[in-house]
2 protein chains.
Amino acid sequence: MNNPSFRNWQSVQEEVLRRIHARVWTPGNLIPNEADLALEFGCARTTVNRALRSLAESGLLDRRRKAGTRVAAQPVAKATLDITVIRIEIEDRGQKYGYQRIERGETVPPLAISGAMKTHATRPLLHVRALHMADDTPYAFEDRWINPEVVPKGLAESYETVSANEWLLKHAPYTHGEIAFSATSATSEEAGILCCNKNSALLTIDRLTWDGSSTVTKVRLLFEPGHQLRTNL
Amino acid sequence: MNNPSFRNWQSVQEEVLRRIHARVWTPGNLIPNEADLALEFGCARTTVNRALRSLAESGLLDRRRKAGTRVAAQPVAKATLDITVIRIEIEDRGQKYGYQRIERGETVPPLAISGAMKTHATRPLLHVRALHMADDTPYAFEDRWINPEVVPKGLAESYETVSANEWLLKHAPYTHGEIAFSATSATSEEAGILCCNKNSALLTIDRLTWDGSSTVTKVRLLFEPGHQLRTNL
DNA sequence: CAGTTTTTTATGTATGTACATAATAACATT
DNA sequence: AATGTTATTATGTACATACATAAAAAACTG
């Protein structure tokens, strides 16, 4: 064996990837331990650790104390979608952002909403509906419920020029949330708003965000027909 | 100041999160440098670095050499979806997995396919269509094209009992890929296969995987109506 | 031999030190 | 003032070492 000497964690990672790819190390099987690899690569164990930990985070390796490190039997590809403010999303594509508030009110929500948000069934919530546009064509319809107990300052906003999407991200901190992707058929009202045919298939994102133990907001985003969310693996 | 002493990177991270959350450090603004934080927290700079790096990876902090670390003005939430073998996906839900091959053939693909896969327009590819079932009801329809030049062994498979989805993950390595989520309307054929109404809105995943500079496979997955992909933020 | 305890071992992480790197700030030059 | 050069500085990383921790394997015990 010669001495290629992998002196930084990125090159160690590349070499490990190469071996997995070249089937030197095969799915489900153990790879040498960190100490041995460090010796072989001519670097410190911490450097190997850094490389392997990072690969484990991305799902390509399974690591367990004492049990060792093995190539993931069925590599769980992790598709990471960047969820950002819609305005930025559109501007990043080089399109002109447009926004239009459709409705704003303090109303008692349907049971499905108060149930999911775990608010009292008779308690009114702030309800904001708006349309986001890219280059003057409809891009996404936002239907949002905001919990005024958690975000009292949200009641003072009109959401006429700044979307709730953006205002909340800036002013309402949250600790965690859930997100769900699905496909729904456009109702006739939604079709009207998005300027598409009734029953068009719409990519839908439902998001529920929490601040500690109370819900901040629940939002449904309906994207224009044909919209794609893309990422690399 | 008292001395709470944060002795591991997780607790440092928690404290940093707490301060961001409590608006001690606000979006867009600089936070103290690693050395100062290490001093304050009573730990080594490497420990602070570990905590901050991890937060930067998840999009909550922006870090630049010399410029320092600041709370992300625009917190990009990263939704990580685990894309795994469909059989595992179903079994993890505690449901019975079923599989049925619908079609297998070596045919010249439509131009849209050969174009995306960058194969010669007249070259036949392996085409496999199959249905994945959960508890005996249709779950996902898989429509796949395989490049036999890259995966010659794939030609020997019938895909009658083992899905192409699973076979490929085990036998065909890939270096990178693209994935796109969208919503499509069920054609009458798709509706027949998935036992749903025509024009139902179907969550759709298109995936294209590469091995170096050649495409391994292109697959479209159509999920049963109402299907959701969920994750936490 | 089943069940429990101890040992072993591979990963996980904390620390001090040293140097690398990128980007800004300060300075000098024309 | 515009431009090029040189410090300065915060993050990024490598390393040796030490200890923590989880889990498997071995030893022990009734």
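Chain A is the first sequence line, chain B the second, and so forth, proteins listed ahead of strands; every chain is numbered from 1. Small disclaimer: the values here were computed from a predicted structure and weren't measured.
Between Trp9(A) and Ala67(A), the residue anchored nearer the 5' end of DNA chain D, judged by the nucleotide with its closest heavy atom, is Trp9(A).
Residue Leu30(A) contributes atom CG, which lies 12 Å from atom C1' of dA24(D) at whole-angstrom precision. Computed from coordinates, the Arg53(B) CZ to dA10(D) C1' distance equals 15 Å when rounded to whole Å. In this structure, Arg63(A) places its CZ atom 16 Å from P of dA24(D), rounding to the nearest Å. What separates CD of Glu34(A) from P of dT17(D) is a distance of 17 Å, to the nearest Å. For the pair Gln13(A) CD and dT13(D) C1', the interatomic distance rounds to 14 Å; values are reported in whole Å. In this structure, the NZ atom of Lys66(A) is 13 Å from the C1' atom of dT21(D), given to the nearest Å. Summarising the geometry, the separation between CZ on Arg45(A) and P on dT9(C) is reported as 15 Å, rounded to the nearest angstrom. Nucleotide dA10(C) holds its P atom 17 Å from the CG atom of Leu61(A), rounded to whole Å.
In this structure, OG in Ser114(A) is found 9.0 Å from CH2 in Trp145(A), a value given to the nearest 0.5 Å.
When each of dA14(C), dA23(C), dA10(C) is scored by its nearest atom to the side-chain atoms of Thr47(B), the top-ranked nucleotide is dA14(C). Side-chain atoms of Asn49(A) lie closest to dT11(C) of the nucleotides dA24(D), dT11(C), dT15(C).
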Solution key, residues 43-57 of chain A side-chain donor-acceptor pairs under 3.5 Å, sequence neighbours excluded:
unit_1	atom_1	unit_2	atom_2	d
Arg45(A)	NH1	Glu34(A)	OE1	2.5
Asn49(A)	ND2	Glu34(A)	OE2	2.9
Ser54(A)	OG	Gln13(A)	NE2	2.8

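Counting only residues at least two apart or on different chains, the ring pair (Phe, Tyr, Trp, His ring centres under 6.0 Å) pairs with a member in residues 59-101 of chain A are Tyr97(A)-His132(A), Tyr99(A)-His132(A).
Counting non-hydrogen atoms under 4.0 angstrom, Arg50(A) reaches the backbone sugars and phosphates but no base. Using a 4.0 Å heavy-atom distance criterion, Thr46(B) is classed as a base contact. Nucleic acid contact for Asn8(A): sugar-phosphate only, since backbone atoms but no base atoms lie under 4.0 Å from a heavy atom of the residue.
Salt bridge status for Glu15(A) with Arg19(A): present, with a side-chain N to carboxylate O gap under 4.0 Å.
Between the side chain of Arg65(B) and the base of dT21(C), a donor-acceptor pair under 3.5 Å is found.
Contact annotation: Thr69(A) side-chain N/O to dT11(C) OP1/OP2 distance is under 4.0 Å. Contact check, Gln10(B) against dT13(C): a side-chain N or O comes under 4.0 Å of OP1 or OP2.
Residues His21(A) and Tyr174(B) keep their aromatic ring centres 6.0 Å or farther apart.
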